[in-house]
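Only heavy atoms go into these numbers, but all of them, side chains included; no hydrogens, no water, no symmetry mates.
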Amino acid sequence: MAKKVTMQDIADQLNISKNSVSQALTGKPGVSDELRKLVHQVAKELGYKYNRSVTTRSYNQVQSGNIALIASDFAFSMKSFFGEIYLTIEEEVNKRNKNLLIQSINKQSKASLTLPSFIEKKEVDGVLILSHISNDYIQKVLDTGIPTVLIDHHHPTIHADAILTNNRFGAYTAVQHLIELGHENIAFVGDTSFSPSYQERLEGFLLALKDYGIEPTQEFLLTDAPEENNVLNHFIGELSKQPTAWFCVNDGLGYLITSGLQQHGIQVPSDASVCSFDNGQLSQLSTPSITTMDISFKDFGQNAVEKLFWRMDNPEQPYQEILLPATLIKRDSTKKKK
């Protein structure tokens with residue numbers, strides 16, 4: 001089978017950078033007309049195949065200077081999560097002399113797969129998608145051919161660059177902390193069907209137990225947990241025995257579990273330790289304050305914009321996923337088991 005010709009082969013033939021080859025083939029500024037013609041000539045001679053739809057669009061349309069940021073209504077409502085990521089993205093986009101266009105995707109648009117007009121009309125040079133909307137909706141965006149980067153979401157069927165938290169290792173670290181405090185009867189609380197992140201946190205939870213030779217207690221695994229006080233209180237009250245520690249996939253659940261335990265006369269942390277994930281405001285406002293895994297929202301924004309602009313210049317490179325670390329923040333909700 002003949003070796004596939006790449007941009008690097010063309011670059012080597014002409015003794016120029018691969019970025020210059022990309023600019024020439026996709027019609028972007030930065031190379032002379034003479035070099036552009038030469039690159040196309042060598043590409044043809046070598047039998048290089050490239051995405052002509054991208055090239056045609058680049059020749060026929062001047063770059064808009066706009067970058068899109070879209071997210072679900074739910075993601076926008078999580079101000080402590082969305083706010084800092086948005087501010088960082090806006091700053092990084094402005095540094096690159098582009099404008100940021102923002103739109104929330106409501107349930108009706110999600111169900112009907114209705115894209116924002118500036119994406120539908122290809123009035124943006126790149127798209128950032130924050131958190132989960134739906135796989136079908138994300139695919140509709142990708143089908144436009146506009147370079148796209150996902151933030152805090154991925155799926156095996158979605159072929160796109162993604163900036164993610166290392167959820168498995170983060171959850172592992174949190175549970176390891178509880179185990180090293182002497183806890184073995186540890187509960188898991190989270191809705192694993194809501195997000196791949198929560199499923200990955202369950203996997204990290206179970207891996208930590210396995211590595212320390214602890215068999216998970218099925219009764220303690222609440223894997224369809226809504227963020228609803230009455231449901232969580234009912235779960236706590238119905239347990240035949242109480243865990244000595246709880247791992248919650250986000251700070252909202254950590255806050256509600258801490259409150260629910262106290263309502264049942266279980267003191268945190270003297271009777272039960274609680275550890276959550278995200279280091280949002282609720283983990284800090286809770287009484288006691290909650291031990292949690294810290295995520296750098298600023299790193300999310302910076303990496304997402306950097307990756308998007310790289311993708312715009314390297315449309316044919318393999319898709320990449322970047323895993324950002326989570327760091328344990330020890331607070332008052334965890335202590336050594338009595």
Side-chain angles (χ1 to χ4, degrees), residues 75 78-85 88 130-132 151-154 162-181 183 186-192 194-212 214 216 220-223 225 227 232 243-258 261 268-269 272-286 288-304 321-336:
M78 299 171 64
K79 291 182 173 57
S80 62
F81 169 72
F82 176 77
E84 189 169 352
I85 294 179
T88 303
L130 178 59
S131 195
H132 185 47
I151 304 173
D152 197 38
H153 181 70
H154 66 156
I163 312 299
L164 308 162
T165 301
N166 196 333
N167 292 295
R168 293 183 183 88
F169 286 12
Y172 185 102
T173 298
V175 177
Q176 182 182 48
H177 169 63
L178 296 173
I179 293 171
E180 290 177 346
L181 291 174
H183 298 284
I186 306 173
F188 172 92
V189 182
D191 184 355
T192 57
F194 178 78
S195 166
S197 296
Y198 295 166
Q199 174 62 38
E200 290 159 11
R201 292 173 192 181
L202 172 61
E203 292 166 8
F205 171 92
L206 295 173
L207 180 59
L209 295 185
K210 179 182 177 182
D211 282 357
Y212 282 84
I214 300 171
F220 294 167
L221 303 182
L222 183 57
T223 59
E227 292 189 37
L232 298 176
T244 64
W246 296 72
F247 171 68
C248 304
V249 297
N250 63 36
D251 292 326
L253 288 168
Y255 182 90
L256 293 175
I257 286 293
T258 298
L261 289 171
V268 178
S273 288
V274 176
C275 185
S276 60
F277 212 109
D278 291 339
N279 192 27
Q281 290 181 348
L282 287 176
S283 68
Q284 301 168 49
L285 295 175
S286 175
S289 59
I290 300 174
T291 295
T292 187
M293 298 303 299
D294 180 55
I295 299 171
S296 173
F297 296 135
K298 187 171 184 179
D299 285 348
F300 259 122
Q302 289 177 338
N303 278 274
E321 292 188 343
I322 296 176
L323 294 182
L324 302 178
T327 306
L328 180 68
I329 304 294
K330 297 179 183 178
R331 296 200 178 105
D332 298 332
S333 66
T334 54
K335 67 176 292 187
K336 282 187 176 292

(request) Under the side-chain hydrogen bond (donor to acceptor under 3.5 Å, both in side chains) rule, collect the residues that match up with S286, sequence neighbours excluded. (result) none
(message) Taking side-chain hydrogen bond (donor to acceptor under 3.5 Å, both in side chains) as the definition, give me every residue that meets it alongside H132, ordered by chain and number, with sequence neighbours left out.
(response) H153
(request) Please list, chain by chain and in numerical order, all residues satisfying side-chain hydrogen bond (donor to acceptor under 3.5 Å, both in side chains) with D251, sequence neighbours excluded. (result) S276, T292
(message) Does any part of the side chain of D211, heavy atoms only, come nearer than 4.5 Å to the side chain of Y172, both counted from C-beta?
(response) yes
(message) I'd like to check N166 versus E200 (side-chain heavy atoms, cut-off strictly below 4.5 Å). Are they in contact?
(response) no
(request) Just jot down the side chain to side chain contact (heavy atoms under 4.5 Å, CB included) partners of L324, sequence neighbours excluded, or say none. (result) I163, D299, F300, N303, I322
(message) Using side-chain heavy atoms (C-beta onward) and a distance below 4.5 Å, is F194 in contact with V249?
(response) no
(request) Compare all side-chain heavy atoms of D152 with those of S197 and state whether any distance is below 4.5 angstrom. (result) yes
(message) Under the rule for side-chain hydrogen bond (donor to acceptor under 3.5 Å, both in side chains), what residues qualify as partners of E203, not counting sequence neighbours?
(response) R168, Q199
(request) Indicate the atoms forming the closest heavy-atom contact of A187 with W246, along with that distance. (result) CB-CE3, 3.5 Å
(request) Identify, with sequence neighbours excluded, every residue that meets salt bridge (Lys or Arg N to Asp or Glu O under 4.0 Å) alongside D278. (result) R201
(request) List for me each residue that meets side chain to side chain contact (heavy atoms under 4.5 Å, CB included) alongside S289, sequence neighbours excluded, and say none if there are none. (result) R331, D332
(message) Determine whether a donor-acceptor pair (N or O, by modelled atom type, separation under 3.5 Å) exists between the side chain of S333 and the backbone of V274.
(response) yes
(request) Please name all residues satisfying side chain to side chain contact (heavy atoms under 4.5 Å, CB included) with A245, sequence neighbours left out, ordered by chain then number. (result) L178, H183, I186, S273
(message) Holding to ring-ring contact (aromatic ring centres under 6.0 Å, His included), I want the full list of residues that pass it with H154, two or more places apart in sequence or in another chain.
(response) none
(request) Just jot down the side chain to side chain contact (heavy atoms under 4.5 Å, CB included) partners of K298, sequence neighbours excluded, or say none. (result) E84, T88, S296, Q302
(message) Among residues at least two apart in sequence or on other chains, which ones pass ring-ring contact (aromatic ring centres under 6.0 Å, His included) with F205?
(response) F188
(request) Please name all residues satisfying ring-ring contact (aromatic ring centres under 6.0 Å, His included) with H177, sequence neighbours left out, ordered by chain then number. (result) none
